[in-house]
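So you know, we letter chains A, B, ... as the sequences are listed, proteins then strands, and number each from 1.
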2 protein chains.
Amino acid sequence: MVEAYLDRLTHFSPVSEKSRDLLKKHIYTGKVAKGDFILKYQEACNAIYFIESGFARQYYFKNGKDITEWFAGEQEFCFSISSYFKNTPSNLMIEALEDSTVIYLDKKGFTSLTKTHLDLAQLAITMFSRSLIFSQERTESILFQSAKDCYLNLLKKQPHILQQVSLAHIASFLGITQETLSRIRAKI
Amino acid sequence: MVEAYLDRLTHFSPVSEKSRDLLKKHIYTGKVAKGDFILKYQEACNAIYFIESGFARQYYFKNGKDITEWFAGEQEFCFSISSYFKNTPSNLMIEALEDSTVIYLDKKGFTSLTKTHLDLAQLAITMFSRSLIFSQERTESILFQSAKDCYLNLLKKQPHILQQVSLAHIASFLGITQETLSRIRAKI
DNA sequence: CTGGTTATTTGACAAATGTCAAAGGTTTTC
DNA sequence: GAAAACCTTTGACATTTGTCAAATAACCAG
């Protein structure tokens, strides 16, 4: 499982056998039951998480409302950007919506390896630039589309989400209310 | 000027004298007159731009509408994330709203140096992770705030923008119409 | 300074979305 | 299999924001 994960990681950017072995020491796996947290509120995000199997939701509270920031499906990464980079307690929570197997890439270990190994530094650059592109696309998608178009966009890009997640969560991901989303659906 | 820029860059992450000299070879400066483009439509974004003096607006067209993605003030960075990382022609344009002096950090040169020098790779990691945090904060700010709160947020974080930019551009940055913004202002 | 241009505000109304409440559906649990 | 808990839909109405058009205000060039 860890080998497959390493394959996936190093697909972003080539990594020597030696670096791969070093990296392996900072990777560990865990099971998270449905409803439990991969990252708890106010906890430091000290790893990059990879959902080997299962499904997770990233969310936070704003003015008492539960806001979904992102969904992470199987074979996808997630982490709290601000907590990870700023070393602050996380406002973001990551909850397993199904029983999940999670692979952790330890931040401290990974960071220190990037300081001594060029190939791993390249890997970090590639990973973060990919995140940057995702983040960018999300902003553009939400900023200038109607709720309906956002929904259709989601439907196209990540249709599996709609099978697994409650309406309320999808609505908060899209930045609209549950009722509005229900009405949008009714029209399609 | 370039030295001050290097100081600023290397403040993100320490860089050796030797690396600094190497980096310098990939930095060049230019003047851009008001109304001219730092990055043209469909051009490849082959540098990270730094506004030494002046002011710039990043925007693109969506369904015929002019959408402002970001403003870059003095001593700030800007570039087209997707064009830079994906090597695609840029949909984003960067226009100087005032006569500006721009410092270019050449992508090709910088990228290749990050492949051979650990300290410069670290610099890249730090720069891109900072961009990631900015992008993230922007999404959160826009996604779950009313138009008014977005405006107040901008007022607090980048008040200088409001002095330099037309209402229409600020409105498109906030994702609202000019009329709505005008009414929000009237109430304050 | 003055006419022309551009930017901003205002008004009237339409459309989209939110809020609150209630009614149906589903799923879970015992 | 029935009650409880939870999720989704629907209705009525309020609020926010958009659209179009016109009126002001600010800016610029000659």
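Counting only heavy atoms from C-beta outward, the side chains of A:Tyr151 and A:Arg185 approach each other to under 4.5 Å.
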For nucleotides 25-30 of chain D, print each protein N/O atom paired with a nucleotide N/O atom at under 3.5 Å, atom names and distance only.
none

Could you run down the sub-3.5 Å N/O contacts of the protein with nucleotides 14-19 of chain D?
residue, atom, partner, partner atom, Å
D:dT17, OP1, B:Ala147, N, 3.1
D:dG18, OP2, B:Thr177, N, 3.1
D:dG18, OP2, B:Thr177, OG1, 3.1
D:dG18, OP2, B:Thr180, OG1, 2.6
D:dT19, O4, B:Arg183, NH1, 3.4

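Using a distance-only test at 3.5 Å, with no hydrogens or angles considered, a donor-acceptor pair links the side chain of A:Ser83 to the main chain of A:Thr88. Looking only at distances, a side-chain donor or acceptor of B:Thr68 sits under 3.5 Å from a matching main-chain atom of B:His169. Here the side chain of A:Ser100 pairs a donor or acceptor atom with the backbone of A:Phe55 at under 3.5 angstrom.
One interatomic measurement links the two molecules: CG of A:Leu174 to C1' of C:dG18, which rounds to 15 Å at whole-angstrom precision. Per the geometry, NE2 belonging to A:His169 stands 13 Å off P belonging to D:dC6, to the nearest Å.
Counted within 6.0 Å of NE2 on B:His11, heavy atoms from surrounding residues, nucleotides or ligands total 12 or fewer; the atom is thus considered open.
Contacts between residues 154-164 of chain A and DNA chain D, counted as heavy-atom distances below 4.0 Å, involve no residue at all.
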For residues 118-128 of chain A, which side-chain donor-acceptor pairs fall under 3.5 Å, sequence neighbours excluded?
residue, atom, partner, partner atom, Å
A:Asp119, OD1, A:Ser19, OG, 2.9
A:Asp119, OD2, A:Ser16, N, 2.9
A:Asp119, OD2, A:Ser16, OG, 3.2
A:Asp119, OD2, A:Ser19, OG, 2.8
A:Gln122, NE2, B:Thr114, O, 2.9
A:Gln122, NE2, B:Thr114, OG1, 3.3
A:Thr126, OG1, A:Gln122, O, 2.9

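Checked for salt-bridge contact, B:Lys31 and B:Glu52 miss the test: no charged N lies under 4.0 Å from a carboxylate O.
Of the candidates B:Phe79, B:Phe77, B:Tyr28, B:Phe50 forms a ring pair (Phe, Tyr, Trp, His ring centres under 6.0 Å) with just one, namely B:Phe77.
In terms of the side chain to side chain donor-acceptor pair (under 3.5 Å) criterion, residue partners of B:Lys107 (sequence neighbours excluded) are, by chain and number, B:Asn87. Taking the side chain to side chain contact (heavy atoms under 4.5 Å, CB included) definition, one finds that A:Ala186 meets it with nothing, sequence neighbours left out.
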